[in-house]
Number of protein chains: 2
Amino acid sequence: MENIKLTQDQKQLIERLGVHYERAGLQPAPSRVIALLLVSDKTELTFDQICETLKISKSAASNAINLLLSAGTIDYITLSGDRKRYFRSRVTSWKEETRKSLNTMLGLNTLLQEVLDQRPKSSKEFNDSLQEVITFMEFLHREVDNIFIKWEARKK
Amino acid sequence: MENIKLTQDQKQLIERLGVHYERAGLQPAPSRVIALLLVSDKTELTFDQICETLKISKSAASNAINLLLSAGTIDYITLSGDRKRYFRSRVTSWKEETRKSLNTMLGLNTLLQEVLDQRPKSSKEFNDSLQEVITFMEFLHREVDNIFIKWEARKK
DNA sequence: TTGTTAGTTCTGCAAATTAAGAACTAAACA
DNA sequence: TGTTTAGTTCTTAATTTGCAGAACTAACAA
């Protein structure tokens, strides 16, 4: 099984991508795996290639891969007469993921509405600011939905 | 110093908000503090009131408060002839924060462009998908900027 | 039937996070 | 001058996280 060679630049890029994913809340190992699958010349890598290239243990790789599989961030193909799975980045999942994380962000709004609903009328100034934020987030939410629609239309 | 009473509903709402913030990457104690400042009837609470109401130690409160202060999530006022600081949620910071986290999200784009630039031409299909994602994210970024402009205009 | 491949699962450790409690400090008061 | 107040900082201590390494498994191969 041929092993993957990375240039210094590629290694650095993987680290930088890794940091980005970690900051977004992902664990270190999955972060590196997804970064590797984006950067390496080959786009389809086996379990062993991932372990070796990233210098992580099989258990770390197994957990990382399963996490990413169930999140839909990666998938794999197989070749007939070859028991190995070839893992690859599901690049197209990014649109969905962007959308999902936008929704999470904007999901705060529901909670803020509940907060406002239960607040005493007496804290008028505070309530008014809160109402403004809620209105803004609703606005943003609607507009973001429109952007996605606009994009789909534009693609045609 | 009068102590803060919370209804069962308020306590639950604080926990739910707390979980939201934790999922967004904030530590538990700061998450509860900000939630408390949103939910409690009084919008301006002292250090001691925060400690007592949330049942956290002074050190936990001190660290949480300083974190939130330096993130701009809360601020405080003082009353003349009263050494205490009265902490409150900077509700208006949410627009900025929303924007910041959008930018972080969309900042992935710069990295993806770098990835694409260093990829071999041979992985054409992959590169094409990547290019599509980049184009989409650029589109999204521009549109989001427009939304903010539109909002500011609309407020007048 | 024995071995090999492609992983998975289990056990345990090392490092990082988070908070408690106590000791400390700086300002204001008495 | 000592005392109280409003915090801060320091030192543990308790979790939690994340991974290595080894043992395991299931499928196929020889």
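The sequence lines fix the lettering, A, B, ..., with proteins before strands; numbering per chain opens at 1.
In this entry the distance linking CG of B/Leu54 with C1' of C/dA19 reads 13 Å, nearest Å. Following rounding to the nearest Å, A/Gln49 (CD) and C/dT5 (P) show an atom-to-atom distance of 15 Å. Counting to the nearest Å, the C1' atom of C/dA19 and the CG atom of B/Leu67 are 14 Å from each other. At whole-Å resolution of the value, CZ in A/Phe47 and C1' in D/dA27 are 16 Å apart. Rounded to a whole Å, the CD atom of B/Glu44 is 16 Å from the P atom of D/dA6. Summarising the geometry, the separation between CZ on A/Arg85 and C1' on D/dA26 is reported as 13 Å, rounded to the nearest angstrom. Look at CG on A/Leu79: it is 17 Å from P on C/dT5, rounded to the nearest Å. Taking atom CG of A/Asp82 as the reference point, atom P of C/dG7 lies 9 Å away to the nearest angstrom.
With salt bridges taken as basic N to acidic carboxylate O contacts below 4.0 Å, none links A/Glu114 and A/Arg119.
Comparing atom distances between the A/Arg83 side chain and each of D/dT8, C/dA27, C/dT4 picks out C/dT4 as nearest. Closest to the side chain of B/Asp48, from the set D/dT9, D/dA6, C/dA6, is D/dA6.
Relative to the ring axis of B/Phe126, A/Arg88 does not place its NZ or CZ within 45° and under 6.0 Å from the centre.
With B/Arg85 as the partner, the side chain to side chain contact (heavy atoms under 4.5 Å, CB included) test is satisfied by one option alone out of B/Leu69, B/Ile77, B/Leu79: B/Leu69. With B/Ser93 as the partner, the side chain to side chain donor-acceptor pair (under 3.5 Å) test is satisfied by one option alone out of B/Lys95, B/Arg90, B/Glu97: B/Glu97.
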Evaluate B/Asp145 against B/Lys150 for salt bridge (charged side-chain N to carboxylate O under 4.0 Å, His left out), listing each step before the verdict.
CA-CA 9 Å; B/Asp145 284 345; B/Lys150 204 164 144 190; over 6 Å; no

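Residues A/Glu22 and A/Gln27 bring no donor and acceptor atom of their side chains to less than 3.5 Å of each other.
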Could you list all N or O pairs between the protein and nucleotides 16-20 of chain D that sit under 3.5 Å apart?
from, atom 1, to, atom 2, distance (Å)
D/dG18, OP2, A/Gln27, NE2, 3.2
D/dC19, OP1, A/Ala29, N, 3.1
D/dA20, OP2, A/Ser57, N, 2.7
D/dA20, OP2, A/Ser57, OG, 2.6
D/dA20, N7, A/Ser59, OG, 2.8

